[in-house]
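Reading through the structure tokens given below for one structure.
Reckoned from all heavy atoms, side chains included, excluding hydrogens, waters and symmetry mates. Order of the sequence lines fixes the chain letters, A, B, ..., with proteins taken first and strands second; residue numbering starts at 1 for each chain.
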Amino acid sequence: MQTRGPSIWERMLSIDRRILYLLLFANIVLFLLLPIRMRAAVSPPVQKFYDEIEKLQPGDLVMISSNWSASTLAENQPQLEAVIRHLMRKKAKFTLISVEAQSRDISYRLASRLTPEGGYEYGRDWAHFGFVTNLIVSIKGMVNNLPDTIKKDVRGTPVSELPLLKGITSLRQYKMIIDVTPSATVPFWISYAPKETKILYCPTSVMAAEAYTFLDSGQIKGMITGAKGAQEYEQLLGIVGLGTRFVNAISFSHVLIILFIFLGNLALFMNRRQMRQEG
Amino acid sequence: METLWLSGLAQYQHAADNWFAAILIAVIATTVLVSIAIARSGASLYIRRIPGLDAIDEAIGRSTEMGRPVTMIPGMTAFGVVAVQALTIFKYITKQIARFATPMRLLTGDATVYAVAQEAIQDAYNEAGRPDLYDPDAIRFLSDRQFAFASGVAGLIQRERVAANFMFGEFFAESLIFAETGNIVGAIQVAGTISFTQVPFFVAACDYTIIGDEFYATSAYLSREPVLLGSLVGQDIAKLLFVLIAITGAVLTSIFGADAPVVKLLGQPGGWDAFFGGGQ
Amino acid sequence: MDLQQFLPLSLDRINVWIGVLCTLAIYSLLYRENPLYRFFEHMYIGLAAGYSLGPLGVDILYRYWITPIWVQGQWAWAFLVPFGMYLYFIYSERYGWVSRLVIGALVGTSAGLFFQEFASRYVVQLHSTLSRPLWMSSANPEADLFGVITNWVFIIILVSVLVYFTFSYPQKGVVKNVATAGRWFLMIGLGAIFGNTVMARMALLIGRIYYLLSDWLMIRI
Amino acid sequence: MWQIQNPNTPTGQLILWMIVLGAFIMIMGLVPLLHALPPRGRRAIIVIITFITGLFFAIEFFLPINKEQKNFLTDAIQPAQQAVQVITALALALGTYGLVRLHLRNVVQQRAQWGYSLVLLISFVMMATFSITNTLSEQGLVEKTPLLEQGFKLLFDYTLVQLDAAMFSLIAFYIFSAAYRAFRIRSVEAGILMFTAIVVMIGVVPLGATISPYLPGVANWILTSLNAPVQRAIEFGVGIGGLAMAIRLWLSLERGVT
């Protein structure tokens, strides 16, 4: 019996996965270094997000719920940075809260680093409420009695003594809630936040598709989808941030994946046909 | 109030903000409880056989022809409602393959599920009349770390060249590693999960995927547990009620406009204030 | 590139190099499972678990339990933590069931809170669905042809997917066709999730490679 | 009645310590008593506790409200949230306790690969120390020394954060290899799914807008007009299922789990 080496299709199907890994790595390095900048078509949810923040008046209070840890840093950090920068342009005051332990420190450090840019001072213009274990009851508590529910900020100051929360007794006095998150926290805000506040959403891309039903019903007023959405937002703000730096590599990693889904199907198809021909 | 609604700001603090919601909750809760009571009283409730079950049977059939082992993976599912229902399905599969003495492996990433699974699989072999086939070593707790567990599963699937791979429960990012390895060894794969973010990977890589509520229906169909059956029937009625309200409401909106009192009754804040008194 | 600045000679650079070492050790798994990866994986689990004690201890226990008792004198809170400690009986074979008293309280809480979630999350979506005009008329002056068609598409897809997820009657004839269409429509939603998931995962890897290039190799991007 | 008069005097502190100690002894003393109950009695207590905690939030939601948007239970929400926070924290710490217990046992009994367990325990202890002192120092309760600041920065920013980010970026590699080796267009369903995914993947990134100005619009139309109703149907299914499960769990009807 004549033995034959594996056909090209067979060899393609049994390619070592490590070669694929290297290919992806090289693709990303290449397109990260690529100096061209493509302009995005700003998607409607991002535009709505931008417009909502544009409507804020100086001194308006915004709650940022930051629930991401380092694992989704590449998606959520560009979002949070862009949002804080925009809030500072509008001179809106903000407070942060985290239901994710790591995010307590990550978001506190990030805000501490960014706020001097806008001349923001802790306590006067922004504050961090720290970590809570159960967001639902925290929201319910804040609606009914905010100072008693939060008690103290991360620096140990009773929140009723913070200048920016002077006269604030309830979450109802906030204008807006912005949820920056990789997990299912936005339903908590949708379900338990007071009706006086608008909800804006910065999910990782994984969760964006599911949120379109909330955008349709108006339960969410705007959405920034992952790092890609952050790039669109940076374009609207006219700044170059992480999103803008990442977006070429995102585009072309998609091209690579689509190409390989096609190749994989082709190789399988050709291989089957060959085997059938050979009986 | 209307302007608030039109801008989409409608998170409710109390039932008084929207009595329609309270009425709907009461109706659905009653329906579910009544159906459970009917199921418990011994009446046999009908649940249709979903196509996913045929896919399971077909996979079992083909794996017995090959004589290679079958893997069952509840993944990292923590012990709870979902894990118990996944085990119901695994019990069914075990009973079927016991007739042909096909070997099985159950791989879990949760210690509590591991303990319960041992009991369940032993039961399955006893019920199939083949207690001799039960091998405690076939049920394995590999690791509670996501990727350590995934690589353990991948290694086993490749070493034993499994014939069929069943994945039921809750899955996270590791799902695609299982599906990919199963695909490489040419296993017939059926997955069932309530984790919608992982369903696409299963659809792309498995022969059949049982999606969302179908998962609960499968286990209720197989276990005939009255509470599950009754609840499922109650949920069905609620879903049809939602369909009915959506269609009737859309027709009413088309005829009378979105601000007509009759449309307001169907869930607009303050729609029922004339009857009950409102929130503000 | 200035070698002096690149090498781990200052405190800041040492930190960056440690971060890179961590990343590369984790990536060594891609070649094969190895002791270095295991070492760093266990370190990761240990660090993550240890870290959580800070926020748990200070932000929760100190803020919500210690301060109210010892600073404000609200003595009744004293009973809370011992009751919560019942949870830790879960590892006891004899008294394990006691932990279910606390679990029961947590389960009851989330069940009781769900009614509000049902009202604000789902009923609002129901109302948003039914307030879509299906034809143009004087009752809905702002409805246009495209909007009306979109509304039909919306309701048809919604209904067929919901019908697909019903189980308590035999699906035959028209209903079966509707349900099959429902499964196909479902695939559109799942495809959207799929595309977005790929994007998310790629972004995470890109973020990591960006760190290697910009922070470690000091390339301006 | 719920508050003692002068908590910050030595006498006040002593009284509070006595109360806490007494509470601890009392609650723990209840365990043998509870254990003496027959299985049916134990179950009854669990069922009652589950029911009452659920009832509190349910009544607060359903009862009519006054002009200040409150009913007689609304003011009790604040202390209730305080209690839930603390209990949830203890539940979260339970996972940590289980982990440490397991690896401590590995080390003590020198089980296979106990060296890795030791690594885990050492990093746990170090990080716990730095994390707690760092959080306390932010609140001004302990002094912020350079050693503390540097140590926490090293452990948190340059080790934990890096490991966490690296661990999850692995999935990108897996997706790529799975896309090539397992994602087959084997049916109409898989075909629809892949087609949608590809249009979305290209349409939403700037490359799509560069290829054709219509692509982003098409992708957005798919997401808002075709994807949104699907997601809403899923939401309805999940919501109704969630309500049914909430009722089953609240009334302790679910078998095999509780």
Side-chain angles (χ1 to χ4, degrees), chain C residues 15 18-19 22-23 26 38 42-47 49-51 53-54 56-58 60 64-65 73-76 78-80 82-84 87 100 104-105 107-109 111-116 118 122 150 154 157-158 161-162 165 185 187-192 194-195 201-202 204-205 208, chain D residues 2-4 7 19-20 23-24 27 46 49-50 53-54 57-58 61 82-83 85-87 89-90 93-94 96 99 116 119-120 123-124 127-128 131-132 135 158 160 162-163 166-169 171-172 175 189 192-193 196-197 200-201 225-227 229-233 237 239 243 246 249-250:
Chain C
N15 285 339
I18 289 174
C22 291
T23 306
I26 296 294
R38 283 219 177 158
H42 282 82
M43 193 165 101
Y44 165 57
I45 303 165
L47 290 175
Y51 169 75
L53 293 190
L56 281 177
V58 179
I60 305 297
Y64 289 126
W65 193 65
Q74 298 169 353
W75 56 270
F79 292 88
L80 184 64
F83 173 68
L87 271 175
R100 278 164 44 197
V107 167
T109 302
L113 283 165
F114 192 81
F115 298 112
Q116 185 179 343
F118 191 84
Y122 302 103
T150 312
F154 195 100
I157 294 181
L158 177 86
V161 176
L162 265 179
F165 282 127
F185 287 133
M187 292 302 148
I188 297 177
L190 294 173
F194 184 96
R201 306 304 188 210
M202 290 305 139
L204 301 190
L205 176 59
R208 215 54 325 240
Chain D
W2 300 103
Q3 207 157 357
I4 70 159
I19 292 174
V20 172
F24 190 82
I27 299 274
I46 296 168
I49 288 186
T50 313
T53 47
F57 290 102
F61 175 68
Q82 205 166 325
Q85 299 285 4
V86 173
I87 301 270
L90 290 170
L94 181 67
T96 312
L99 186 80
Y116 292 118
V119 171
L120 188 148
S123 27
F124 170 79
M127 189 70 192
S131 172
I132 293 172
T135 320
Y158 290 97
L160 177 59
Q162 308 301 329
L163 285 169
M167 195 64 110
F168 283 87
S169 65
I171 304 167
I175 269 201
E189 286 166 18
I192 299 175
L193 189 144
T196 318
V200 169
M201 277 163 73
S225 297
L226 303 183
N227 164 58
V230 173
Q231 303 300 347
R232 183 161 299 168
L243 184 61
L249 290 172
W250 182 28

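- Comparing D:A197, D:G237, D:A128, D:A89 by heavy-atom pairs within less than 4.5 Å of chain C, the highest count is held by D:A197.
- Looking at D:V200, the atoms closer than 4.5 Å to chain C (heavy atoms on both sides) all sit in the side chain, from C-beta outward.
- For the set C:F154, C:F185, C:F194, the entry with the most heavy-atom pairs within less than 4.5 Å of chain D is C:F154.
- Heavy-atom distances place both the backbone and the side chain of C:Y44 under 4.5 Å from chain D.
- Residue with the most contacts toward chain C among D:L99, D:I46, D:N227: D:I46 (heavy-atom pairs, distance under 4.5 Å).
- Only the side chain of C:F118 comes within contact range of chain D, judged by heavy atoms closer than 4.5 Å.
- Contact annotation for C:R38: both backbone and side-chain heavy atoms come within less than 4.5 Å of a heavy atom of chain D.
- Looking only at heavy-atom pairs under 4.5 Å with chain C, the residue among D:W250, D:Y116, D:W2 that has the most is D:Y116.
- Your options are D:A166, D:A83, D:S225, D:A246, and the one with the most heavy-atom pairs under 4.5 Å with chain C is D:A166.
- Ranked by heavy-atom pairs under 4.5 Å with chain C, the first of D:E189, D:M201, D:M167, D:Q85 is D:E189.
- Taking chain D as the reference chain and counting heavy-atom pairs below 4.5 Å, the highest number among C:F79, C:W75, C:F165 is found for C:W75.
- Annotation: maximal heavy-atom pairing with chain C below 4.5 Å, among D:F24, D:F168, D:Y158, D:F57, occurs at D:Y158.
- Of all the listed residues (C:I60, C:I188, C:L190, C:V161), the one sharing the greatest number of non-hydrogen pairs under 4.5 Å with chain D is C:I188.
- Here the straight-line distance linking atom CD1 of D:I4 with atom CD1 of D:I19 works out to 6.0 Å at 0.5 Å rounding.
- Highest contact tally toward chain D, considering only C:G84, C:A76, C:A105, C:G57, is held by C:A105 [criterion: heavy-atom pairs under 4.5 Å].
- When heavy atoms are compared at a cutoff of 4.5 Å, C:T109 approaches chain D by way of both its backbone and its side chain.
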